2 protein chains.
Amino acid sequence: MDRTEKLVQALREAGLRLTPQRLAIVRLLATTDQHPTAQMIYEQLRPDYPSLSLATVYNTLETLVDLGVVNVLGSAGDDAVHYDADTDPHVNLACISCHRVIDLPSQYVHALEQEVATTSGYRLLGARVVYYGLCPDCQREAARQPAGGRRHRRRRRRRGEHHQTQSGSEE
Amino acid sequence: MDRTEKLVQALREAGLRLTPQRLAIVRLLATTDQHPTAQMIYEQLRPDYPSLSLATVYNTLETLVDLGVVNVLGSAGDDAVHYDADTDPHVNLACISCHRVIDLPSQYVHALEQEVATTSGYRLLGARVVYYGLCPDCQREAARQPAGGRRHRRRRRRRGEHHQTQSGSEE
DNA sequence: CTCTAAACTTGGAATGATTATAAACTAGAG
DNA sequence: CTCTAGTTTATAATCATTCCAAGTTTAGAG
Ligand SMILES: [Mn+2]
Ligand SMILES: [Mn+2]
Ligand SMILES: [Zn+2]
Ligand SMILES: [Zn+2]
């Protein structure tokens with residue numbers, strides 16, 4: 001609930017309006033640990049905000065990123081940008097197979113960010129500390145399937161593909 | 001010249017063919033400090049390889065990324081993915097105004113990467129350590145232009161936009 | 001409250017980076 | 001030199017993201 005307040009505060013201080021859509025997006029972003037994409041946010045809010053537009057999600061994300069309260073992590077193997085409302089220094093781990101992104105506590109990122117802030121000469125707006133590879137689950141998965149020598153050419157995932165295999169009762 | 005060899009070696013060991021196109025792309029990637037996008041590579045090689053196709057650039061980049069010898073840094077404010085053939089632990093600084101990406105030496109990234117490798121449980125394929133913001137030049141630039149309160153809505157950059165203002169004799 | 005200008009939202013169209021395809025080429029093993 | 005699986009390439013297709021023109025809503029002045 002504190003992170004939500006931080007984003008709301010940022011909007012207020014920037015003199016921007018606090019619309020229900022923005023509030024909903026902010027709340028979702030601030031409370032999830034999912035590092036969602038615009039599409040994910042859109043789908044998760046649609047039930048409660050039937051009129052919500054994807055364009056608004058993108059607009060709001062851009063606004064929050066410009067305000068420096070949301071970081072742009074980039075793609076996780078899917079072709080969509082993932083966002084992170086947790087701007088405290090931390091490491092993100094992206095699985096290029098299941099496209100999930102999780103956080104990893106680290107004792108060095110703080111020093112790293114500090115170092116960058118003081119030595120770069122840049123006016124920093126955001127961080128993108130992501131290591132990508134295969135998560136434990138997907139490694140096992142890969143071990144099962146002898147990984148048919150298919151090199152090259154990847155299939156593009158369809159628009160509405162959901163992730164979530166946690167132990168899921170999806171679909 | 002050593003980095004070039006590393007990429008070439010990776011292709012060889014994977015049993016992939018060493019075509020002139022791949023070699024050219026590899027050489028460019030291995031020797032530049034530019035963190036180029038596919039388009040940039042394409043444009044820089046076209047003079048010497050008139051028949052080169054953008055598709056080949058993308059294909060080769062994917063191959064190199066899959067081999068783990070090239071990292072995907074993501075966008076720098078432009079809407080194109082930047083690549084980095086330097087896979088040694090280091091920090092990248094992206095300017096979201098001039099879209100340039102430079103390296104920053106750091107004494108902590110090594111420990112960080114080490115930490116991630118040993119504690120994550122992930123099979124790591126690549127790193128994306130990027131801090132984004134405004135480079136010193138663009139900060140000055142911004143100071144000059146009172147930064148007209150234009151919030152929201154960004155203009156999309158056109159396909160052939162070149163960067164390079166180093167002290168350039170462009171155009 | 002009421003009113004209103006400015007800020008937002010929205011559906012739908014447009015854009016353009018990246019991918020897919022199919023046909024023509026060639027690296028390189030034998 | 002031969003032969004073919006791996007590559008390249010031109011071109012079409014895809015689809016995440018951005019743009020646009022209207023229709024709404026917010027928040028502050030009166
Ligand atoms: Mn995170
Ligand atoms: Mn770099
Ligand atoms: Zn996974
Ligand atoms: Zn700059």
Side-chain angles (χ1 to χ4, degrees), chain A residues 8 11-12 14-26 36-43 45-46 49-66 72-83 99 149-161, chain B residues 8 11-12 14-26 36-43 45-46 49-66 72-83 99 149-161:
Chain A
V8 169
L11 287 170
R12 282 216 190 88
L16 300 177
R17 290 185 184 167
L18 198 44
T19 66
Q21 292 88 338
R22 281 181 176 167
L23 195 41
I25 294 170
V26 157
T37 64
Q39 183 73 42
M40 289 166 146
I41 295 174
Y42 176 60
E43 281 167 11
L45 292 181
R46 199 144 47 150
Y49 298 79
S51 83
L52 180 64
S53 163
L54 232 197
T56 297
V57 176
Y58 277 108
N59 287 342
T60 300
L61 284 170
E62 178 178 340
T63 299
L64 294 171
V65 169
D66 286 350
V72 185
L73 300 186
S75 137
D78 42 10
D79 289 304
V81 172
H82 289 250
Y83 295 87
H99 314 311
R150 53 92 186 78
R151 198 169 286 304
H152 243 351
R153 296 305 148 81
R154 196 161 292 150
R155 191 69 58 230
R156 188 184 279 226
R157 40 249 130 280
R158 223 164 303 333
R159 242 246 189 121
E161 250 186 60
Chain B
V8 169
L11 287 170
R12 282 215 189 87
L16 299 177
R17 288 187 186 164
L18 199 44
T19 66
Q21 293 88 336
R22 282 181 175 165
L23 196 41
I25 294 169
V26 157
T37 64
Q39 182 73 42
M40 288 166 145
I41 295 174
Y42 176 60
E43 281 167 11
L45 292 181
R46 201 144 44 151
Y49 299 78
S51 83
L52 180 64
S53 162
L54 229 199
T56 296
V57 177
Y58 276 108
N59 287 341
T60 300
L61 284 170
E62 179 178 339
T63 298
L64 295 171
V65 169
D66 285 351
V72 184
L73 300 187
S75 138
D78 43 9
D79 289 305
V81 172
H82 290 249
Y83 295 87
H99 313 311
R150 55 92 181 78
R151 198 171 283 305
H152 241 350
R153 297 304 150 78
R154 195 162 291 150
R155 192 67 57 229
R156 192 185 276 229
R157 40 245 132 285
R158 224 164 301 334
R159 242 247 188 120
E161 250 185 60

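Below, read A as the first sequence line, B as the second, and so on, with proteins coming before strands; counting in each chain starts at 1. Quick caveat, the model's predicted, so the values are computed rather than measured.
- Nucleotide D:dT17 holds its P atom 14 Å from the CG atom of B:Asp78, rounded to whole Å.
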Using a cut-off of under 3.5 Å, enumerate the N/O to N/O pairs linking the protein to nucleotides 28-30 of chain C.
from: C:dG28; atom 1: OP1; to: B:Leu18; atom 2: N; distance (Å): 3.2

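- Using a 4.5 Å cut-off on side-chain heavy atoms (C-beta onward), A:Thr63 and A:Leu11 make contact.
- Taking OH of A:Tyr58 as the reference point, atom CD of A:Glu62 lies at 12.0 Å (rounded to 0.5 Å).
- Side-chain atoms of A:Ala55 lie closest to C:dG12 of the nucleotides D:dA16, D:dT9, C:dG12.
- D:dA16 atom C1' lies 9 Å from atom CG of A:Leu54, rounded to whole Å.
- Nearest-nucleotide mapping onto DNA chain C: of A:Tyr49 and B:Pro20, the residue sitting toward the 5' end is A:Tyr49.
- Residues B:Leu16 and B:Arg12 fail the side-chain proximity criterion, which asks for heavy atoms closer than 4.5 Å.
- Of the possible polar contacts, one joining the A:Asp78 side chain to the A:Ala76 backbone as a donor-acceptor pair under 3.5 Å is found.
- Between the CG atom of B:Asp79 and the C1' atom of C:dT15 there is a distance of 10 Å, rounded to whole Å.
- Between the CD atom of B:Glu62 and the C1' atom of D:dG6 there is a distance of 15 Å, given to the nearest Å.
- Note: CZ (A:Arg12) to C1' (D:dA27) measures 13 Å, nearest angstrom.
- Put simply, CZ on A:Arg46 is 14 Å from C1' on C:dT10, counting in whole angstrom units.
- Taking 4.5 Å as the limit, some side-chain heavy atom of A:Val8 sits within range of a side-chain heavy atom of A:Leu23.
- Sequence order on DNA chain D of the closest nucleotides to B:Tyr42 and B:Gly15 puts B:Gly15 first from the 5' end.
- You'll find that the side chain of B:Tyr58 is closest to C:dT19, out of C:dT19, D:dT26, C:dC8.
- The backbone N or O of B:Arg17 lies less than 3.5 Å from a partner atom in the side chain of B:Arg22, making a donor-acceptor pair.
- In terms of modelled atom types and a separation under 3.5 Å, the side chain of B:Thr56 and the main chain of B:Leu52 share no donor-acceptor contact.
- Backbone-only engagement by A:Ser51 is indicated by non-hydrogen atom pairs under 4.0 Å involving sugar-phosphate atoms exclusively.
- Of the listed nucleotides (C:dT19, C:dG11, D:dT9), D:dT9 has the atom at the smallest distance from the side chain of B:Thr56.
- Closest to the side chain of B:Asn59, out of D:dT17, D:dT8, C:dT10, is D:dT8.
- Here the side chain of A:Arg22 is nearest to one of C:dT9, C:dT10, D:dT9, namely C:dT9.
- Atom CG of A:Leu61 is separated from atom C1' of D:dA16 by 13 Å (rounded to the nearest Å).
- Considering only the side chain of A:Gln21, C:dT10 comes nearest among D:dT9, C:dA17, C:dT10.
- Regarding A:Ile41, its CD1 atom lies at a distance of 11 Å from the P atom of D:dT17, rounded to whole Å.
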